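Here the structure is a predicted model, which means the values were calculated and not measured.
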Amino acid sequence: MKDTVIIYVISDAIGETAQHLIRASTAQFTLEGGADIRRHAFVRDAETLIEILGEAKNADAIIVQTLVQKKLAVIASDYCAEHGLPCIDLVSSLTAAIEQKTGQISKEDPGNMRRLDQHYFDRIAAIEFAVKYDDCKDPRGILEADIVLVGISRTSKTPLSSYLANQNYKVANVPLVPEIPIPNELTQIPRNRIIGLTNSPEKLAAIRKVRLKSIGLDETSSYSSENRILEELDYGYRIFKQLGCRVIEVEDKAIEETAALIIEKVK
């Protein structure tokens, strides 16, 4: 019996509706390793879709799709049926029922649900910002960010960045690794914009072992060892003290709960 579950959300829009439903469902289960929700938004071509489905197959994941374009929805459903992947389509059945009841044909427009107002464009810009500056790919983003999340591996930096981006916050995140100095940009911004994230050693070990297993690596790697985790946590707290930033313990907190705490602290 698995104590964790990997769920791929595939959408030709943002995919937040599916994510909310998944969290409501997974909250009804005790998952020691947690629910690993991997959201893929704005999937609008078959090549990208098939590549994502291949990743999901390798991860032995559940697929939740909200694809309003019938062609893509059929590709996803057929792929899952062929490879034995659980697939939940949250759109097609209801769309078909409405078509039958009204005699109208779906517009198949992924963006039609949202009015193209400034709030919408700001949200899209925030999402693009979070993707661009995830994992400190470019430290210059730290200077432009509304919020900068710092923490060791598996402290929910990326999912929190995505969630906060959907709340229109420009978020950059920085992984803390003892062997790698922190970027200078972290010392050049107000400390109230920096949030440190941490987790318990036990929770980190469990999550890291699941992560290693999902990518086909040895669960006993030093990445998930107690000594390495304690070393990283100690380093993380030293950096938090150096930066003078607020710190949030993410263990047993839903992403929404942690995000609310972050927003409260930043404000």
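Side-chain contact check for S11 versus L67: every heavy-atom pair is 4.5 Å or farther apart. Proximity of T158 to N173: side-chain heavy atoms (C-beta onward) are separated by under 4.5 Å at one or more points. In this structure the side chain of I37 never reaches within 4.5 angstrom of the side chain of P159, judged on heavy atoms. Counting heavy atoms from C-beta on, the side chains of S25 and I22 never come closer than 4.5 Å. Side-chain contact between I239 and Q242: present, with at least one pair of heavy atoms (C-beta onward) separated by less than 4.5 Å. Side-chain contact between V150 and F240 is present, with at least one heavy-atom pair separated by less than 4.5 Å. Looking only at side-chain heavy atoms (C-beta outward), V148 and L186 come within less than 4.5 Å of each other. D252 places a side-chain heavy atom less than 4.5 Å from the side chain of K203.
Cation-pi contact between R38 and Y8: absent, since separation from the ring centre below 6.0 Å together with deviation from the ring axis within 45° is not met.
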**Request:** Carefully, step by step, assess E251 and T198 under the rule side chain to side chain donor-acceptor pair (under 3.5 Å).
**Result:** CA-CA 8 Å; E251 183 181 16; T198 189; over 6 Å; no
**Request:** Kindly indicate, with the supporting measurements, whether the criterion side-chain contact (heavy atoms from CB on, under 4.5 Å) is fulfilled by L53 and I10.
**Result:** CA-CA 9 Å; L53 289 167; I10 304 176; 3.8 Å; yes
**Request:** Just do the side chain to side chain donor-acceptor pair (under 3.5 Å) check on T155 and N199 with the steps written out, would you?
**Result:** CA-CA 6 Å; T155 49; N199 207 336; over 6 Å; no
**Request:** Report the C-alpha distance between L160 and I262 in whole Å, list the side-chain angles of each, state the deciding distance to 0.1 Å, and finish with yes or no for side-chain contact (heavy atoms from CB on, under 4.5 Å).
**Result:** CA-CA 9 Å; L160 279 166; I262 290 171; 4.1 Å; yes
**Message:** For R228 and E179: C-alpha separation, side-chain torsions, deciding distance, then whether salt bridge (charged side-chain N to carboxylate O under 4.0 Å, His left out) applies.
**Reply:** CA-CA 12 Å; R228 176 61 183 182; E179 295 78 16; 2.8 Å; yes
**Request:** Would you check, one step at a time, whether the test side-chain contact (heavy atoms from CB on, under 4.5 Å) holds for L230 with D234?
**Result:** CA-CA 6 Å; L230 291 175; D234 179 66; over 6 Å; no
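Residues T187 and N184 have side chains that never bring a donor and an acceptor to within less than 3.5 angstrom of each other. S221 and D218 form no side-chain donor-acceptor contact under 3.5 Å, judged by distance and modelled atom types alone. Counting only N and O atoms by type, the side chains of Y169 and S161 include no donor and acceptor under 3.5 Å apart. At a cut-off of 3.5 Å, with distance as the only test, no side-chain donor of S200 or E249 sits close to an acceptor on the other residue.
The line from CZ of R238 to CG of L233 is 11.5 Å long, rounded to the nearest 0.5 Å. Rounding to the nearest 0.5 Å places CD1 of I229 at 9.0 Å from OG of S153. Atom CD of residue E99 and atom OG of residue S106 lie 5.5 Å apart, to the nearest 0.5 angstrom. Summarising the geometry, atom CD1 belonging to I127 is positioned 4.5 Å from atom CG belonging to N166; distances are rounded to the nearest 0.5 Å. Note that SG of C136 and CG of L149 are 12.0 Å apart. Values are rounded to the nearest 0.5 Å. The distance from atom OH of Y133 to atom CD of E128, rounded to the nearest 0.5 Å, is 11.5 Å.
In the hydrophobic cluster analysis, where Ile, Leu, Val, Met, Phe, Trp and Tyr join through side-chain heavy atoms closer than 4.5 angstrom, F29 is grouped together with I88. Criterion: ILVMFWY side-chain heavy atoms under 4.5 Å apart, direct or through other members. Under it, L243 and Y237 are part of a common hydrophobic cluster. When the side chains of ILVMFWY residues are joined at heavy-atom separations under 4.5 Å, either directly or via intervening members, L21 and L94 end up in two distinct hydrophobic clusters. Residues I52 and L72 share a single hydrophobic cluster, defined by chaining ILVMFWY side chains whose heavy atoms lie under 4.5 Å apart. With hydrophobic clusters built from ILVMFWY side chains whose heavy atoms lie under 4.5 angstrom apart, L164 shares a cluster with I255.
Residues I248 and I195 share a closest heavy-atom pair of CD1-CG2, 4.0 Å. Closest of all the heavy-atom pairs between V171 and A165 is CG2-N, 4.5 Å. Shown here for A35 and T26, the closest heavy-atom pair between the two residues is CB-CG2, 3.9 Å. Across every non-hydrogen atom of Q69 and E108, the tightest pair is CA-OE1, 3.6 Å. Scanning both residues, R123 and N168, for their nearest heavy atoms gives CB-OD1, 3.2 Å.
Heavy atoms of other residues, nucleotides or ligands lying less than 6.0 angstrom from NZ of K213 number 12 at most.
Taking a cutoff of 4.0 Å between a charged side-chain nitrogen and a carboxylate oxygen, R208 and E232 qualify as a salt bridge. In this structure, R140 pairs ionically with D138, as a charged nitrogen and a carboxylate oxygen lie closer than 4.0 Å.
Relative ring orientation between Y79 and H83 is described as tilted, the plane-to-plane angle lying within the 30° to 60° band.
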